[in-house]
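Counting starts at 1 for both ligands and their atoms, following the listed order.
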Amino acid sequence: MRALASRASFLAAAILSACSHQQSALAPDGGTARAIYQLFWFFTGVCMAVWLVVMAFMLAAIFRWRGSSPDPMLEPEDASERRISWVVGAGVALTVLILTIFTFASFLTNKSFAEPRPRSVTIKITGHQWWWQVNYEAHRADQTFETANEIHIPVGQPVKLDFESPDVIHSFWVPSLSGKQDLIPGRYTTLTIEADKAGIYRGQCAEFCGIQHAHMAMYVVAQAPREFAQWRVQQLQSATPPHTNQLRRGQQVFQASACAMCHSISGTNAGGRVGPDLTHFGSRMSIASGTAPNTLGNLTGWIADPQRMKPYTRMPSVALTGPDLIAVSQYLESLK
Ligand code: CUA
């Protein structure tokens, strides 16, 4: 009974979360998502109307058949045939008309996405098995920086996303802000997103890309332009130097172990390019690409045994003693 109740509450949570504001195509908060939302309801409305008409005809046929109307077989053949061909002809014409309107509506919606608009920020997003590399581009090299699995954008400004994938096909999808866009190895793809309101929007890889496809989420944080500018300035800075003995120990362990072979922390000699850049890791909301909230406890568990939280992840287990593990975790959490 308890199992049933817990399953029911899980189902309810799943259904309700699908309606929540954070990740739902039915709660659009940006330009292209709204256009898709309107198109969806237009299609749904017309299809509902067609269904109601079909049901009405079916009911009418049932009641006519039950009633005492004359048997159609007894009607003169010419009249009944003319009537049938009229009904079939009207049905075909209506179907063609509806499909043409649908095609035209989709075309107009698609066309509106392609309209060139000035874009304030350009971000290169690289899909990896199974995380998102995020590079903020700029005309000057010293204005560029890298982060992972979390994309900050200014509210009310179109942001250009350029996509790349070095391994398999992924698909970028933040339902409240835009439609999907595939990341295809060897091909350049792009998408413009825009948020009308400040908020945190969850996104998810929408193309099966391997065993941890489901754990390939990302967050888009839409901020007021001034807050975004502050965030950008903060991200451009090197990592906070450790200011206690414990944090210094954590940094030493990080640099001396396999961690530094895969991860970069600017301002230190950790310069690995395989995994996410960790320069401001402590300021991010999640770990392992949205798999768990970014807390000291989760992080310690993740470093101790990544395969337990995310089987087949590319992150290996690094043999650390208990105190070293805690020092490394505390150090990473201090990188705000
Ligand atoms: Cu990446 Cu699914």
Checklist line | Inter-residue atom distance Gln181.CD - Thr190.OG1, 0.5 Å rounding | finding: 7.5 Å

Next item on the list: Please state whether the rings of Phe172 and Phe163 are parallel, tilted or perpendicular, taking 30° and 60° as the class boundaries.
Entry: tilted

Notebook entry, point to check: Where atom 2 (Cu) of ligand 1 is the centre, what is the SG-to-ND1 angle for Cys205 and His213, rounded to 10°?
Noted result: 120°

Next item on the list: Starting from atom 1 (Cu) of ligand 1, look over the N/O/S atoms of His170 and name the nearest one.
Entry: ND1

Margin query: Is Cys209 close enough to atom 1 (Cu) of ligand 1 that one of its N, O or S atoms comes in under 2.8 Å?
Written below: yes

Margin query: Under 2.8 Å from atom 1 (Cu) of ligand 1 - does any N, O or S atom of Met216 fall there?
Written below: yes

Note to self: Check the orientation of Trp131 and His128. Use parallel for under 30°, tilted for 30 to 60°, and perpendicular for over 60°.
What the structure shows: parallel

Notebook entry, point to check: Should the pair Phe145 and Trp231 be assigned to parallel (<30°), tilted (30 to 60°) or perpendicular (>60°) ring geometry?
Noted result: perpendicular

Notebook entry, point to check: Strictly by modelled atom types, are Thr32 and Ser178 linked by a side-chain donor-acceptor pair under 3.5 Å?
Noted result: no

Margin query: Looking only at N, O or S atoms in Glu207, which is nearest to atom 2 (Cu) of ligand 1?
Written below: O

